[in-house]
J.: 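Supplied in structure tokens, the structure appears directly below.
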Amino acid sequence: MHAMQYQLTLPADYEMDVIRARVARLGHLLDDWAGLGFKAYLIRERGVHGSPVNQYAPFYLWRTVEGLNSFLWGGGFQGLSDDFGRPVVRQWAGLAYEEGGAVGAHARVAVRRSTPVPEGVVLSEVAGDAVREAERLAAQDGALCAAAAVDAARWELVHFSLWADHTAKAEGEVFQVLRLSAPERESLPRGRQW
């Protein structure tokens with residue numbers, strides 16, 4: 001499993017309905033993308049859920065690296081790059097994925113929390129804690145799913161969760177979910193990824 005996200009920070013007066021219309025018009029294109037567990041079409045709006053910015057920031061969980069590469073290099077990503085410029089694409093290796101009790105519900109919000117992996121820690125213990133946190137988040141009322149992943153180049157953990165209501169029980173940056181494309185979500189490996 002591979003996690004991926006890019007963030008387009010937009011001007012403070014940007015009309016976010018432009019992004020909503022784009023997602024409504026084009027979002028279906030990933031509904032059957034091979035190798036994609038899911039793509040959460042995410043936005044943050046200045047002043048909503050404490051956001052200081054307007055941002056389009058989709059988050060992906062890929063079941064296969066071939067699917068990820070096909071998206072980045074085979075044309076799926078090109079349209080976004082043509083319209084907005086090519087953003088930095090963050091990638092993390094998957095540590096854990098768990099589904100919650102609300103997995104069939106409509107995703108309303110997502111929460112992403114990034115934390116550094118400090119020097120001098122036992123890496124297996126940090127990874128074990130990340131797995132347990134994904135399990136804890138997925139067990140909360142209203143959780144659709146939770147994932148943990150790591151960027152070993154930056155030594156950064158990321159926890160990501162989707163929620164069925166606007167009162168997510170997780171700490172971090174809160175995003176509105178405009179749409180969820182989930183062609184291979186049911187095939188994402190559950191639990192610890194090593």
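Atom set for the values below is all heavy atoms of this structure, side chains included, hydrogens, waters and symmetry mates excluded. Quick caveat, the model's predicted, so the values are computed rather than measured.
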J.: Yes or no on side chain to side chain contact (heavy atoms under 4.5 Å, CB included) for Trp92 and Met1, after CA distance, side-chain angles and deciding distance?
T.: CA-CA 9 Å; Trp92 300 268; Met1 180 183 77; over 6 Å; no

J.: Do Ser181 and Arg179 have side-chain atoms, one donor and one acceptor, less than 3.5 Å apart?
T.: yes

J.: For residues Thr9 and Gln55, is any side-chain donor paired with an opposing acceptor at under 3.5 Å?
T.: yes

J.: Might you work through the side chain to side chain contact (heavy atoms under 4.5 Å, CB included) test for Leu68 and Gln91, ending with a clear yes or no?
T.: CA-CA 10 Å; Leu68 182 153; Gln91 295 182 42; 3.8 Å; yes

J.: Taking all heavy atoms of Gly94 and all of Ala149, pick out the closest pair and write down the distance.
T.: CA-CB, 4.0 Å

J.: So which atom in Glu156 and which in Ser114 form the shortest heavy-atom distance, rounded to 0.1 Å?
T.: OE2-CB, 3.4 Å

J.: If only atom types and distance count, is the side chain of Gln7 paired as donor or acceptor with the main-chain N or O of Gln5 below 3.5 Å?
T.: no

J.: Examine Val158 and Leu144 and state if one hydrophobic cluster contains both, with Ile, Leu, Val, Met, Phe, Trp and Tyr joined whenever side-chain heavy atoms are less than 4.5 Å apart.
T.: yes

J.: Counting the benzene-type ring for Trp, do Phe59 and Phe38 have ring centres under 6.0 Å apart?
T.: no

J.: I'd like to know if Val48 and Leu178 are part of one continuous hydrophobic network [Ile/Leu/Val/Met/Phe/Trp/Tyr, side-chain heavy atoms within less than 4.5 Å].
T.: no

J.: Between Gln78 (side chain) and Gly74 (backbone), is there a donor-acceptor pair under 3.5 Å?
T.: no

J.: Using side-chain heavy atoms (C-beta onward) and a distance below 4.5 Å, is Leu61 in contact with Tyr97?
T.: yes

J.: Walk me through it: do Glu171 and Val111 pass the test side chain to side chain contact (heavy atoms under 4.5 Å, CB included)?
T.: CA-CA 7 Å; Glu171 293 181 16; Val111 179; 5.9 Å; no

J.: Could you check if a side-chain atom of Trp155 sits within less than 4.5 angstrom of a side-chain atom of Leu123, using non-hydrogen atoms only?
T.: yes

J.: Just verifying a value: how many Å separate Ile19 CD1 and Tyr41 OH, rounded to the nearest 0.5 Å?
T.: 12.5 Å

J.: Quick one: does Leu42's side chain get under 4.5 Å of Val109's, heavy atoms only?
T.: no

J.: Heavy atoms only: give me the nearest Ala164-Arg108 pair and the separation to one decimal.
T.: O-CG, 2.9 Å

J.: So which heavy atom on Leu137 is nearest to which on Ala143, and how close?
T.: O-CB, 3.4 Å

J.: Can a donor-acceptor pair be found, under 3.5 Å and without considering hydrogens, that links the side chain of Asn54 to the backbone of Ala12?
T.: yes

J.: Of the non-hydrogen atoms in Gly172 and Arg113, which two are nearest, and what is the gap between them?
T.: CA-CB, 4.1 Å

J.: Are Arg136 and His159 side-chain neighbours, meaning at least one heavy-atom pair lies under 4.5 Å?
T.: no

J.: Is the shortest distance from a Lys or Arg side-chain nitrogen in Asp83 or Arg22 to a carboxylate oxygen in the other one below 4.0 Å?
T.: yes

J.: Can we say Arg190 and Glu98 salt-bridge, meaning some charged N sits less than 4.0 Å from an Asp/Glu carboxylate O?
T.: no

J.: With a 4.5 Å cut-off on side-chain heavy-atom distances among I, L, V, M, F, W and Y, is there a chain of contacts connecting Tyr14 to Ile43?
T.: yes

J.: With the side chain counted from C-beta on, respond yes when Leu95 and Arg192 share a heavy-atom pair under 4.5 Å apart, and no when they do not.
T.: no

J.: Find the distance between CD (Glu45) and OG (Ser51) and round it off to the nearest 0.5 Å.
T.: 8.5 Å

J.: I want to check something: taking the side chain as every heavy atom from C-beta on, are Tyr56 and Val23 in contact at a cut-off of under 4.5 Å?
T.: yes

J.: Can you confirm whether or not the ring centre of Tyr6 sits under 6.0 Å from the ring centre of Phe77?
T.: yes

J.: With sequence neighbours excluded, give me every side chain to side chain donor-acceptor pair (under 3.5 Å) pair touching residues 63-77.
T.: Arg63-Glu184

J.: Taking side chain as C-beta onward, heavy atoms only, is Leu180 less than 4.5 Å from Arg185?
T.: no

J.: May I ask you to decide whether Arg20 forms a salt bridge with Glu15, counting only side-chain N to carboxylate O separations under 4.0 Å?
T.: no

J.: In plain terms, say whether Asp151 and Arg90 are close enough for a salt bridge, that is, a side-chain N and a carboxylate O under 4.0 Å apart.
T.: yes

J.: With hydrophobic residues grouped by side-chain heavy-atom distances under 4.5 Å, do Val18 and Phe175 end up in a single group?
T.: no

J.: For Trp163 and Asp141, which heavy atoms make the closest approach, and how far apart are they?
T.: CZ3-O, 3.7 Å

J.: Check whether any side-chain heavy atom of Leu8 lies under 4.5 Å from a side-chain heavy atom of Leu80, and answer yes or no.
T.: yes

J.: Please answer: with hydrophobic residues joined when any side-chain heavy atoms are less than 4.5 Å apart, are Val65 and Val150 in the same cluster?
T.: no

J.: Trp62 vs Leu36, test: side chain to side chain contact (heavy atoms under 4.5 Å, CB included). Steps then yes/no.
T.: CA-CA 5 Å; Trp62 293 95; Leu36 177 61; 3.6 Å; yes

